[in-house]
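Below is one structure, written out as structure tokens, with a few remarks after it.
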Amino acid sequence: MWLSSEFNRMAEKTFKAYEPDDAFFSTLLYGPEGVGKSTLLVKCCQRLKEKKTILYIDAQDFVKNYAFAAQEGTLSQFRLRLRTPGVLIMDHIEVLKGKTRSIEEFYHTYEALFQRNGRIICGFRGDPSQLGFLGEKLSSRLRGGLVVPILQPTPEDMLNYLRQMAYGKFLIVEDLVLELMAEEAANFPKAQSLMNGFIQFANRTDSALDHGALLLYLQERRYQEGLRPSPQNIIQKVAELTGVAAAAIYSTTRTPEVRQARQLAIYGIRSLSRLSYPEIGASLNKSHSSIMKSYQQFQEAVQKNPELREMLESLVKYFNSPDDEKTER
């Protein structure tokens with residue numbers, strides 16, 4: 001579902017009218033999470049595919065495919081696919097952060113497309129000033145092309161989005177309910193999740209879609225969120241298990257107790273949340289190399305330290321156990 005409003009008007013007009021032959025070599029679409037960047041890029045791809053050879057690829061797939069091609073000796077085929085389309089759309093380039101070889105490959109892809117007079121469009125969650133992780137040459141070139149923002153939607157935009165959702169689902173929901181949902185949701189995907197979850201809750205509890213039922217649902221939702229193995233929740237549980245304050249785990253303190261608790265948290269996040277080293281680093285404000293080193297150090301330490309192994313088992317058991325067992329604890 002797409003909501004057209006002031007926060008995305010410039011981006012919508014730009015990509016509806018985008019014609020490769022008349023476009024800048026590079027176009028950067030940027031903005032916060034969950035505001036419709038990918039939707040806009042996919043629509044642009046679908047519109048242009050009848051006119052030009054076009055490739056849409058998520059940066060996560062770029063990283064995986066590049067690593068596989070390097071391992072299997074098929075880099076020439078990988079590069080032929082990435083460097084020959086008339087338009088390459090690379091979405092979620094923030095995923096490249098900390099992946100030095102993938103960034104280097106992306107830089108050469110950029111250069112090859114430029115030499116062939118192709119076009120490149122990038123989607124980025126963040127602000128152009130945060131592109132430094134790509135290196136000075138590539139980040140400055142992306143900033144030097146056409147730079148198009150999607151801004152943060154206003155509360156009124158979020159409310160209108162929820163109204164559209166309710167209308168599309170043939171629901172009669174009073175504005176008081178939708179206003180509370182709009183306050184709760186940080187972006188459009190979260191608004192969708194909130195609306196769908198509320199409908200399921202109402203069906204499960206045989207409730208009306210009214211204000212009282214929404215309050216009960218939000219209470220249940222917040223409780224469930226607290227049980228999810230997110231970095232924040234894992235760090236909080238590690239703090240309970242080790243007696244080291246969560247603030248100390250986030251800090252730069254390097255006492256043995258804090259370092260061990262931080263390593264346990266990093267290992268737990270990697271194992272339970274399946275996040276990449278750069279993503280874990282972003283959660284703890286550390287470099288991906290230091291996160292990797294901590295992970296490896298913990299792997300070695302847990303083999304020699306029964307107490308540490310017991311804490312790890314307790315951490316894993318907590319997040320893998322049924323909710324009722326967690327409640328009892």
Checklist entry - Around E307, counting heavy atoms of other residues, nucleotides and ligands shown, do more than 12 lie under 6.0 Å from its CD? => result no

Checklist entry - Does a side-chain heavy-atom distance below 4.5 Å link L264 with F298? => result yes

Item to check | L134 vs I93 side-chain heavy atoms within contact, under 4.5 Å | outcome: yes

Checklist entry - Going through the checks in order, is the side-chain contact (heavy atoms from CB on, under 4.5 Å) test met by V244 and R262? => result CA-CA 9 Å; V244 174; R262 188 179 296 124; over 6 Å; no

Checklist outcome for this item: Between Y30 and G126 the two heavy atoms that sit nearest each other are CD1-O, 3.2 Å

Checklist outcome for this item: Separation between CD1 (I57) and CD1 (I89), nearest 0.5 Å, reads 11.5 Å

Next on the checklist: Applying a strict under-4.5 Å side-chain criterion to I, L, V, M, F, W and Y, I'd like to know whether L3 and V42 cluster together.
Outcome noted: yes

Checklist entry - To the nearest 0.5 Å, how far apart are CZ in R81 and OG1 in T109? => result 11.5 Å

Item to check | Ion pair check, R204 and E220, cut-off under 4.0 Å | outcome: yes

Item to check | Salt-bridge criterion met for E6 and R9 (N-O under 4.0 Å) | outcome: yes

Next on the checklist: Using side-chain contact (heavy atoms from CB on, under 4.5 Å), reason through T242 and E257 one step at a time and then give a plain yes or no.
Outcome noted: CA-CA 8 Å; T242 62; E257 295 80 7; over 6 Å; no

Item to check | Under-4.0 Å salt bridge between E225 and R222 | outcome: no

Item to check | Approximate separation, where rounding is to 0.5 Å, of L312 CG and Q263 CD | outcome: 12.5 Å

Checklist entry - Can we say R270 and E279 salt-bridge, meaning some charged N sits less than 4.0 Å from an Asp/Glu carboxylate O? => result no

Next on the checklist: Could you go through I266 and K286, starting from their C-alpha distance and side-chain angles, then the distance that decides it, and tell me whether this counts as side-chain contact (heavy atoms from CB on, under 4.5 Å)?
Outcome noted: CA-CA 11 Å; I266 289 168; K286 312 284 183 189; 5.9 Å; no

Checklist entry - Is there a donor-acceptor pair under 3.5 Å between the side chain of S314 and the backbone N or O of E310? => result yes

Checklist entry - Looking only at heavy atoms, what is the nearest atom pair of I249 and L284, with distance? => result O-CD2, 4.1 Å

Item to check | Any side-chain heavy-atom pair of N203 and Q200 under 4.5 Å | outcome: no

Checklist entry - Does any non-hydrogen side-chain atom of V35 lie less than 4.5 Å from one of N8? => result no

Next on the checklist: Check this for me: does any side-chain nitrogen of one of E105 and R83 sit under 4.0 Å from a carboxylate oxygen of the other?
Outcome noted: yes

Item to check | hydrophobic_cluster_shared for M90 and F25, side chain cutoff 4.5 Å | outcome: yes

Checklist entry - Is the CZ atom of R309 crowded by more than 12 outside heavy atoms at less than 6.0 Å? => result yes

Checklist entry - To the nearest 0.5 Å, how far apart are CG in L308 and CD in E313? => result 10.5 Å

Item to check | Pair listing, side-chain hydrogen bond (donor to acceptor under 3.5 Å, both in side chains) test, anchored in residues 59-74, at least two apart | outcome: none

Checklist entry - Between Y56 and Q46, does any side-chain donor sit less than 3.5 Å from a side-chain acceptor? => result no

Checklist entry - With no hydrogens and no angle check, do the side chains of S276 and H288 hold a donor and an acceptor under 3.5 Å apart? => result no

Item to check | Pair E12 + K16, salt bridge at N-O below 4.0 Å | outcome: yes

Checklist entry - Are M1 and I150 linked, directly or through other ILVMFWY residues, by side chains that come within less than 4.5 angstrom of each other? => result yes

Checklist outcome for this item: For G268 and I234, the nearest pair of non-hydrogen atoms, with its separation, is O-CD1, 3.8 Å

Next on the checklist: Within this structure, what is the CG-OH distance for the pair L241 and Y318, rounded to the nearest 0.5 Å?
Outcome noted: 10.0 Å

Checklist entry - In terms of the angle between their ring planes, are F201 and Y217 parallel, tilted or perpendicular, with boundaries placed at 30° and 60°? => result tilted

Item to check | Residue from I121, L82, T53 passing side chain to side chain contact (heavy atoms under 4.5 Å, CB included) with L88 | outcome: L82

Item to check | Any donor-acceptor N/O pair, K99 side chain to E104 backbone, under 3.5 Å | outcome: no

Next on the checklist: Check this for me, if you would: do K190 and E184 make a salt bridge, where the nitrogen-to-carboxylate-oxygen distance has to be below 4.0 angstrom?
Outcome noted: no

Next on the checklist: Walk me through whether L162 and L194 qualify under side-chain contact (heavy atoms from CB on, under 4.5 Å).
Outcome noted: CA-CA 10 Å; L162 287 162; L194 188 60; 5.9 Å; no

Item to check | Distance-only donor-acceptor check, side chains Y250 and N285, under 3.5 Å | outcome: no

Next on the checklist: Is any side-chain heavy atom of T205 closer than 4.5 Å to one of L216?
Outcome noted: no

Next on the checklist: Would you compute the distance between atom NZ of K97 and atom CD of E94 and round it to the nearest 0.5 angstrom?
Outcome noted: 10.5 Å

Next on the checklist: When you compare the side chain of S26 with that of R141, does any pair of heavy atoms fall below 4.5 Å?
Outcome noted: no

Next on the checklist: Closer than 3.5 angstrom, by distance alone: can the side chain of S273 be matched with the main-chain N or O of L275 as a donor-acceptor pair?
Outcome noted: no

Checklist entry - Taking NZ, NE, NH1 and NH2 as the nitrogens, is one of them in K237 or E240 under 4.0 Å from a carboxylate oxygen of the other? => result yes

Checklist entry - Can M158 be reached from L218 by stepping across I, L, V, M, F, W or Y side chains whose heavy atoms are under 4.5 Å apart? => result yes

Item to check | Test item: N160 and S5 side chains (from C-beta on) under 4.5 Å apart, heavy atoms | outcome: no

Checklist entry - How about H108 and R79: do any of their side-chain heavy atoms sit closer than 4.5 Å? => result no

Item to check | Minimal non-hydrogen separation, C45 against I54, with atom names | outcome: CA-CD1, 3.8 Å

Item to check | F188 ring center within less than 6.0 Å of F7 ring center | outcome: yes

Checklist entry - Counting distance only, does the side-chain N/O of R119 pair as donor-acceptor with the main-chain N or O of N117 below 3.5 Å? => result yes

Next on the checklist: Please check this pair: side chain of R47 against backbone of F15, looking for a donor-acceptor N/O pair closer than 3.5 Å.
Outcome noted: yes

Checklist entry - Given the rule that I, L, V, M, F, W and Y join up when any side-chain heavy atoms are under 4.5 Å apart, are V148 and W2 in one cluster? => result yes

Next on the checklist: Taking A301's backbone N and O only, do any of them form a donor-acceptor pair with N305's side chain (distance below 3.5 Å, no angle check)?
Outcome noted: no

Next on the checklist: Show the nearest heavy-atom pair for residues V238 and A265, with the distance to one decimal.
Outcome noted: CG2-CA, 3.8 Å

Item to check | Where P85 and L113 come nearest, the two heavy atoms and their spacing | outcome: O-CD2, 3.6 Å

Checklist entry - Would a line drawn from the ring center of F78 to the ring center of F62 be shorter than 6.0 Å? => result yes

Checklist entry - When you look at CD of Q232, are more than 12 heavy atoms from neighbouring residues, nucleotides or ligands closer to it than 6.0 Å? => result no

Item to check | side-chain hydrogen bond (donor to acceptor under 3.5 Å, both in side chains) assessment of S287 paired with S289 | outcome: CA-CA 5 Å; S287 69; S289 58; 3.1 Å; yes

Next on the checklist: Whether E156 and R163 form a salt bridge (side-chain N of Lys/Arg under 4.0 Å from carboxylate O of Asp/Glu) is what I want to check.
Outcome noted: yes

